[in-house]
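Heavy-atom basis, side chains included; hydrogens, waters and symmetry copies ignored. Numbering of ligands and ligand atoms starts at 1, following listing order.
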Amino acid sequence: MSSDFGFNVAYRFPVVFTSAMCDPGNNTLRDAITREAPSARHRLLVVVDDGVAGAHPTWASDLQAYVGAHSDALELVCPPVIVPGGERAKHGLDEVIRIVGLVNDYAIDRQSYLVAVGGGAVLDMVSFAAAIAHRGIRVVRIPTTTLAQGDSGFAVKNGVNFFGKKNFVGTFAPPFAVINDALLLETLSARDRRSGLAEAVKVSLLKDPEFFEWLETNAEALDRGVPSLVSEAVHRSAALHLAHICGSGDPFEQSSARPLDFGHWSAHKLEALSGHEVRHGEAVAIGMALDVEYAVRLDVLPRVDGDRILSVLRQLGFTLYHPALVTQTVNGGLALIAGLQEFREHLGGRLHITLLRGIGDPFEVHEIDTPAMMAALQTLTPQ
Ligand SMILES: NC(=O)c1ccc[n+]([C@@H]2O[C@H](COP(=O)([O-])OP(=O)(O)OC[C@H]3O[C@@H](n4cnc5c(N)ncnc54)[C@H](O)[C@@H]3O)[C@@H](O)[C@H]2O)c1
Ligand SMILES: [Zn+2]
C-alpha cells in the first residue's frame with residue numbers, strides 16, 4: 001500500500017513597535033505573552049545582550065519591576081541572565097549549551113517562554129537554543145538594533161556559526177512574538193546603527209524603488225542618526241521584509257533561491273574571513289557594492305544606477321572595501337570566491353545569486369564569471 005500524507009500548519013505572531021516597553025503602564029509585553037491564555041500565570045526566562053545591559057544599566061531592574069507590576073500574569077524564574085553580545089554569542093555552541101542548561105535548571109517547559117533581548121546575534125543564538133530545548137520552546141524576541149528591528153528579529157530562522165562558517169548550525173522556527181522598543185535604539189554606536197541601514201538599502205533595491213529614493217534623499221541625515229529618520233527606515237525595512245516572508249510562499253526557504261540575500265554570498269564569507277571584525281550589515285554593504293560592480297561590468301546594470309547605489313552606501317557612512325576581501329588560499333586563489341560554493345551548499349541545490357538589472361529590478365543567475373567578479377573586486381580596491 002502506498003499513500004500520500006500531509007498537513008498544513010498556520011503560524012501567527014505579533015510584531016509590535018512600541019516605546020518604553022518596561023513602563024508598567026505599557027501592556028505590549030503582557031498582551032503578547034498572555035494572548036493565548038489570558039488567565040494563566042506565565043513563566044519567563046529572560047536573556048539579555050551584554051551590550052544592551054551596559055548601555056541601559058537599569059533595563060534589567062525595570063523589567064523586574066514591570067513583571068512585579070503584572071505579577072497576576074507574569075513571573076520571572078530568575079533575574080535576567082546576561083550573555084555576550086555580537087558575534088561572540090554565535091561562536092560555536094558554548095552559549096547555546098549554557099541557555100539549554102538554564103532551561104533545564106529553571107524547568108522552562110513548552111508553555112513557558114525564553115525572552116531574548118539583544119542584537120541579531122543574541123537573538124539568533126537564543127532562538128536556536130529555544131528551538132532545540134524540549135524540541136522547541138516559545139521564544140519572545142526583543143530586538144535592540146536597527147538590523148534586528150528591521151530584519152532579523154522576526155526572521156523565521158536562527159543559528160550559530162560553526163566550522164568557521166556563518167549560521168552553519170541552526171533551524172527554521174518562528175518566534176512567539178516580537179517587540180521592538182524604539183528607546184533601545186538610542187544607545188547604538190554609529191557603526192551598529194548604520195549596519196541595519198544596509199539591509200534597508202538591500203530590501204529597497206529588491207522591492208521598493210521609492211524607498212530607495214527616500215534613502216538617497218535622507219542618507220546624510222541617517223548617517224548622523226536623526227532618530228525620526230532612523231525609525232522610519234527601520235519601519236519601512238521591517239514592512240518590506242515581513243511582506244516577503246509572509247507573501248513569498250516559502251517562509252521556510254525550501255527552494256534553493258534566497259531572493260532577499262542580495263549581496264550576501266560574499267558578505268557571509270567576508271565576515272568569516274575578517275574573524276567577524278566586520279559587522280553583518282557592513283559586509284552586506286560591501287557585498288552589494290561588489291555585485292553592483294559585477295553587474296555593471298557585465299552590462300546588465302546601467303552605470304548610472306550602479307553609481308547611485310554606491311553613492312547612497314558611501315553617504316550612509318559605509319566603507320566599501322575591507323582588506324580581508326583579498327585573503328589568499330594556500331593555493332594562491334582568492335578565498336572570497338570559495339564563498340560562492342559555501343553559499344550554494346548552505347541553500348542546497350543549484351547556485352542562486354540575485355543581481356540587479358535596475359533599482360527595484362532583481363533577477364537571478366546560476367553561475368558567476370570568476371574573472372569578471374575579480375575585476376569588480378579590483379574596482380572597489382583602493383589604489
Ligand atoms: N536570522 C536571520 O534571518 C538574520 C538576518 C540578518 C542578520 N542576522 C544576524 O544578525 C547578526 C547581526 O546583528 P546586529 O546587526 O543586530 O548586530 P549584533 O547582534 O552583532 O550586535 C552588535 C553590537 O551591538 C551591541 N548592542 C545591541 N543592542 C544594543 C543597544 N541597544 N545599545 C548598545 N549596544 C547594543 C551588541 O552587544 C553588539 O556588541 C549577524 O550574526 C547576522 O548573521 C540574522
Ligand atoms: Zn543580512
Within ligand 1, which atoms have a heavy atom of [X] less than 4.0 Å away?
X	result
Leu184	30 (C), 31 (N)
Thr145	14 (P), 16 (O), 27 (C), 28 (N)
Ala121	10 (O), 11 (C), 13 (O), 19 (O), 20 (O)
Glu87	40 (C), 41 (O)
Asp49	27 (C), 36 (C), 37 (O)
Ala155	1 (N), 2 (C), 3 (O)
Lys166	40 (C), 41 (O), 42 (C), 43 (O)
Asp192	22 (C), 23 (C), 24 (O)

Identify the protein heavy atom lying closest to [atom], giving its residue, its atom name and the separation to 0.1 Å.
atom	result
atom 32 (N) of ligand 1	Thr187 OG1, 2.7 Å
atom 34 (N) of ligand 1	Gly51 O, 3.9 Å
atom 28 (N) of ligand 1	Thr144 OG1, 2.7 Å
atom 20 (O) of ligand 1	Gly86 CA, 3.3 Å
atom 35 (C) of ligand 1	Leu188 CD2, 3.8 Å

Nearest heavy atom to [atom] wins, so pick from [options].
atom	options	answer
atom 8 (N) of ligand 1	Ser152, Ala148, Gly120	Ser152
atom 44 (C) of ligand 1	Val117, Asp124, Leu183	Asp124
atom 15 (O) of ligand 1	Val160, Leu147, Val83	Leu147

Checking [Y] against [X]: is there a side-chain donor and acceptor pair closer than 3.5 Å?
X	Y	answer
Asn26	Thr18	yes
Trp265	Asp291	yes
Asn158	Thr171	yes
Ser311	Asp307	no

Is the closest basic N to carboxylate O distance between [X] and [Y] below 4.0 Å?
X	Y	value
Arg236	Glu232	yes
Asp72	Arg30	yes
Glu277	Arg191	yes
Lys165	Glu271	no
Arg88	Asp50	yes
Glu36	Arg138	yes
Glu367	Arg344	no

His42 and Tyr113: CA distance, side-chain angles, deciding distance, ring-ring contact (aromatic ring centres under 6.0 Å, His included) verdict: CA-CA 8 Å; His42 302 268; Tyr113 304 79; 5.6 Å; yes
Lys/Arg cation over aromatic Phe176: Arg35, 6.0 Å, 45° cone: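 Yes - Arg35 lies over the ring of Phe176, closer than 6.0 Å to its centre and within 45° of its axis.
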Under 3.5 Å: N/O of Asn158 near N/O of ligand 1: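 Between Asn158 and ligand 1, no N or O pair is found under 3.5 Å apart.
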Close N or O approach (Lys157, ligand 1; < 3.5 Å):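 So ligand 1 has an N or O lying under 3.5 Å from an N or O of Lys157.
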Residues clustering with Leu183 (ILVMFWY side chains joined when closer than 4.5 Å, directly or via others):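 Leu183 clusters with nothing; isolated.
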Contact partition for Glu271 relative to ligand 1, non-hydrogen atoms under 4.0 Å: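 Neither; nothing of Glu271 gets under 4.0 Å from ligand 1.
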Connected via hydrophobic side-chain network under 4.5 Å: Phe252 and Leu347: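 Phe252 and Leu347: separate clusters.
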Under 2.8 Å from the Zn ion (ligand 2) - protein N/O/S, by chain and number: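 Counting only protein N, O or S atoms under 2.8 Å from the Zn ion (ligand 2), the list reads Glu199 OE2, His264 NE2, His280 NE2.
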